[in-house]
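We're numbering straight along the sequence, starting at 1. Just so you know, these numbers use all the heavy atoms, side chains as well, and skip hydrogens, waters and symmetry mates.
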Amino acid sequence: MNASTASLDARAAAIAAGDRRALARAITLVESTRPDHRTEAESLIERVLPHTGNSTRIGLSGVPGVGKSTFIEAFGLKLIGHGHRVAVLAVDPSSRRTGGSILGDKTRMTELARAEAAFIRPSPTGGTLGGVARRTRESILLCEAAGFDVILVETVGVGQSETAVADMVDLFCLLLLPSAGDDLQGIKKGIVELAELLLVNKADGELISKARTAVGDYRAALRLLRPLSPLWQPEVLPVSAVTGEGLDLAWAAIERHQAALDTAGEKTRRRAGQAQAALWADLGDGMIEVLRHRPAIAERIPEIEAAVAAGTMTSMAGARRLLGLFLGE
């Protein structure tokens with residue numbers, strides 16, 4: 001056994017033992033774009049793979065101001081109180097100048113961050129569609145290997161395609177503000193169709209009445225949409241991250257959803273489909289890297305990009321030209 005293999009074995013063992021520092025370092029490794037780091041990350045993932053798959057993966061999204069961080073902290077603490085171990089992958093928008101995350105969700109979940117049974121990891125999106133970090137899938141596997149049985153993936157928010165997160169979780173949850181009416185028109189149909197649990201947050205104080213009205217409006221709207229699965233009719237519930245009201249009901253709905261999918265074997269089928277989608281996504285990323293780093297192709301990229309930007313060549317023709325160079329045509 002060489003030193004590199006021994007080191008990877010030790011790191012995998014530390015992750016399986018629940019070492020949060022080892023987990024954090026491993027996620028940093030999988031997020032790296034360096035080729036040597038990518039090779040090392042793949043080997044590490046292979047070692048921890050037998051310890052993965054035993055969690056409930058939940059995607060969470062909502063418009064800015066809906067209270068995602070406040071909800072996640074209250075919900076996470078509630079789950080910890082029930083004996084769960086909770087990992088939060090809070091995906092922040094990336095700065096276009098530095099590539100770093102700009103919201104810092106961890107600083108807004110201070111109580112949850114201090115809990116021994118919690119792990120919070122803010123990650124920059126790196127500009128990827130749907131507000132999901134480039135290597136969120138691998139981060140989920142690492143968190144599962146470390147013994148976290150509830151994984152919350154918080155996305156940037158409604159505005160881009162959320163299919164990215166839906167393709168890596170067991171249930172997509174949409175947080176809503178306590179007012180419907182005109183606001184209902186502003187929620188994209190595609191976002192609602194992905195959600196199997198809709199939670200109207202801030203259902204407390206003077207907003208209780210509006211929250212109840214919103215719940216009724218969203219329930220009526222959902223009747224016009226085809227459910228994602230014939231096994232589950234999406235539910236709409238009022239919750240308050242401030243008072244904790246409705247959090248137990250939200251978790252009970254998630255448990256019913258998971259039980260329904262497990263019984264029919266759909267959860268296994270979903271994850272298999274998600275793994276296949278990840279294969280093709282990684283293949284696409286790999287192909288782009290090859291194109292950019294193969295000298296004969298890389299030297300032609302600026303010329304083709306300029307032609308596309310100038311409107312003298314279509315994007316389809318440019319892509320076909322680059323693919324032809326790759327194939328030696």
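Side-chain N or O atoms of R269 include one that pairs as donor or acceptor with a backbone N or O of A264 at under 3.5 Å. A distance-only check finds a donor-acceptor pair linking the side chain of R38 to the backbone of V30 [under 3.5 Å]. R20 contributes a side-chain N or O that, together with a main-chain N or O of A118, makes up a donor-acceptor pair within less than 3.5 Å. The backbone N or O of L175 sits nowhere less than 3.5 Å from a side-chain atom of N201 that would complete a donor-acceptor pair. In this structure, the side chain of R271 engages the main chain of G53 through a donor-acceptor pair within 3.5 Å. When atom types are taken as modelled, the side chain of R121 and the backbone of L23 share no donor-acceptor pair closer than 3.5 angstrom. Looking only at distances, a side-chain donor or acceptor of D149 sits under 3.5 Å from a matching main-chain atom of R85. In this structure, S32 contributes its side chain and L29 its backbone to no donor-acceptor pair below 3.5 Å. Remark: side-chain polar atoms of R300 are not paired, donor with acceptor, to backbone N or O of A296 under 3.5 angstrom. Here the side chain of T312 pairs a donor or acceptor atom with the backbone of A307 at under 3.5 angstrom.
Under 4.0 Å is where a charged nitrogen must lie from a carboxylate oxygen, and between E289 and R292 no such pair does. Here D170 does not pair with R270 in a salt bridge; the nearest charged N to carboxylate O distance is not below 4.0 Å.
A side-chain donor from one of W251 and E255 sits under 3.5 Å from a side-chain acceptor of the other.
In this structure, S139 has no side chain to side chain donor-acceptor pair (under 3.5 Å) partners at least two apart in sequence or on a different chain.
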Exercise answer: donor-acceptor pairs, residues 224-233 side-chain atoms, under 3.5 Å, sequence neighbours excluded:
from: S229; atom 1: OG; to: L231; atom 2: N; distance (Å): 3.1
from: S229; atom 1: OG; to: E266; atom 2: OE1; distance (Å): 3.0
from: S229; atom 1: OG; to: E266; atom 2: OE2; distance (Å): 3.2
from: W232; atom 1: NE1; to: E196; atom 2: O; distance (Å): 2.8

